[in-house]
Protein chains: 2
Amino acid sequence: MPNTTYTISQLAEEFGVTTRTIRFYEEKGLVHPRREGQKRLYSPADRVRIKLILRGKRIGMSLEESVEVIDMYDPEHNNREQLQSLVCTVEDKRARLLQQKKDIEDMLAGLDEVQALCEQNLAEQGLVEKSLAEKSRAEKSVAERVRKQS
Amino acid sequence: MPNTTYTISQLAEEFGVTTRTIRFYEEKGLVHPRREGQKRLYSPADRVRIKLILRGKRIGMSLEESVEVIDMYDPEHNNREQLQSLVCTVEDKRARLLQQKKDIEDMLAGLDEVQALCEQNLAEQGLVEKSLAEKSRAEKSVAERVRKQS
DNA sequence: GTTCAAGTTGACGTTAACGTAAACGTATTT
DNA sequence: AAATACGTTTACGTTAACGTCAACTTGAAC
């Protein structure tokens, strides 16, 4: 097992955040690195937690929410009630994630349209002669389609 | 054309936000409703803008970023340079969105695992007799798989 | 031995995105 | 005319997620 621990600045660099950020996550109880003297030493498990937190952050989750998700992987749920309520929260999360996924796909489709129009427009500019009216019509079509969304 | 305008509280209710939120968006220059006397009157176009802003919010965009995306649909870009830089920003956005999409899919897969284990566990509890060791083993398997992520 | 790089603990500052409350206008319902 | 519902402006408050010092320690390097 190579390199079983990490320093704070190693992780900071790997994930493209500041050390302050990682210490902040500890303040909030998101990670609990060991200490060697007073220096922090992060385990691979700590590293994964940070990674998952940042993943959550990328899709707009609060730290609290990310922790909630991460903790679902831990077996702190013993009895029937806890398991069933866990299933419920799982389903809630899933619903929200599916909505987000749809939002992203819609937005991607919009980007495709914009880009297509840009490239078409650029191509037309390549040909020196063209009617300005035609250009204007092409430019406005996307905006109109957007306006027609219910 | 039925109901071509909306009051602030109509939109607030439709989108599940407060009127304060909508006025705040106006403060920030995101929408520019007409006025009837001093009352705000929102057009369908205003409504769509708000809708798109909230879509952006759901996937973790800042208001500024959402506006940036929305404005890409407007034809304020006339010359070659502007079109080309627009294509670049489009590609940046797309890259980020694709990353987000992957993040969401990963997270969904994780949720599937958690739920499967929960239900398996609940099923086992249905049968009165089972070894506690077995149960414990099952509960920990997800956490271990997570830990093995690079 | 000192200089340096990397770490530490406070503590206060900052920004975005609203919340909340006060004080007021206007229209209609009773 | 009094109350009710809906709207307005102004302004201060709040929370999350860090940024930004300042002042100190600690081990390694020169």
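Fair warning: this is a prediction, and the values are worked out from it, not measured in the lab. Order of the sequence lines sets the chain letters (A, B, ...), proteins ahead of strands, with each chain counted from 1.
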Which parts of residues 27-39 of chain B get close to DNA chain C, meaning a heavy atom less than 4.0 angstrom away?
none

I'd like to know if B:Lys93 pairs up with B:Glu65 as an ion pair, taking the criterion as any Lys NZ or Arg NE/NH1/NH2 lying under 4.0 Å from an Asp or Glu carboxylate oxygen.
yes

Ion pair A:Arg49/A:Asp71, N-O distance below 4.0 Å
yes

Heavy-atom nearest nucleotide on DNA chain C taken for B:Tyr25 and for A:Arg20; more 5' hit belongs to A:Arg20

Just to be sure I understand the geometry, which residues of residues 57-65 of chain A put a non-hydrogen atom under 4.0 Å away from DNA chain D?
A:Lys57, A:Ser62, A:Leu63

Return yes when atom CD of B:Glu13 has more than 12 non-hydrogen atoms of other residues, nucleotides or ligands closer than 6.0 Å, and no otherwise.
no

If only atom types and distance count, is the side chain of B:Gln115 paired as donor or acceptor with the main-chain N or O of A:Val90 below 3.5 Å?
no

For A:Gln100 and A:Leu97, run side chain to side chain contact (heavy atoms under 4.5 Å, CB included): C-alpha distance rounded to whole Å, both residues' side-chain angles, the deciding distance at 0.1 Å, then the answer.
CA-CA 5 Å; A:Gln100 285 187 272; A:Leu97 288 174; 3.6 Å; yes

Look at all strands and tell whether A:Arg23 reaches a base, only sugar-phosphate, or nothing, counting heavy atoms closer than 4.0 Å.
base

Pair A:Ser43-A:Asp46, side-chain donor/acceptor within less than 3.5 Å:
yes

Would you call A:Arg96-A:Asp92 a salt bridge at under 4.0 Å N-O?
no

Salt-bridge criterion met for B:Glu26 and B:Arg35 (N-O under 4.0 Å)
yes

Result for salt bridge (Lys or Arg N to Asp or Glu O under 4.0 Å) between B:Asp103 and one of A:Lys101, A:Arg58, A:Lys51 points to A:Arg58

Check: A:Ala12 main-chain N/O paired with A:Ser9 side-chain donor or acceptor under 3.5 Å:
no

Chain A footprint on DNA chain D, 5' to 3' - any atom under 4.0 Å from a heavy atom
D:dA17 to D:dT20

Looking at every strand, decide which applies to B:Thr19 at a 4.0 Å heavy-atom threshold: base, sugar-phosphate, or nothing.
nothing

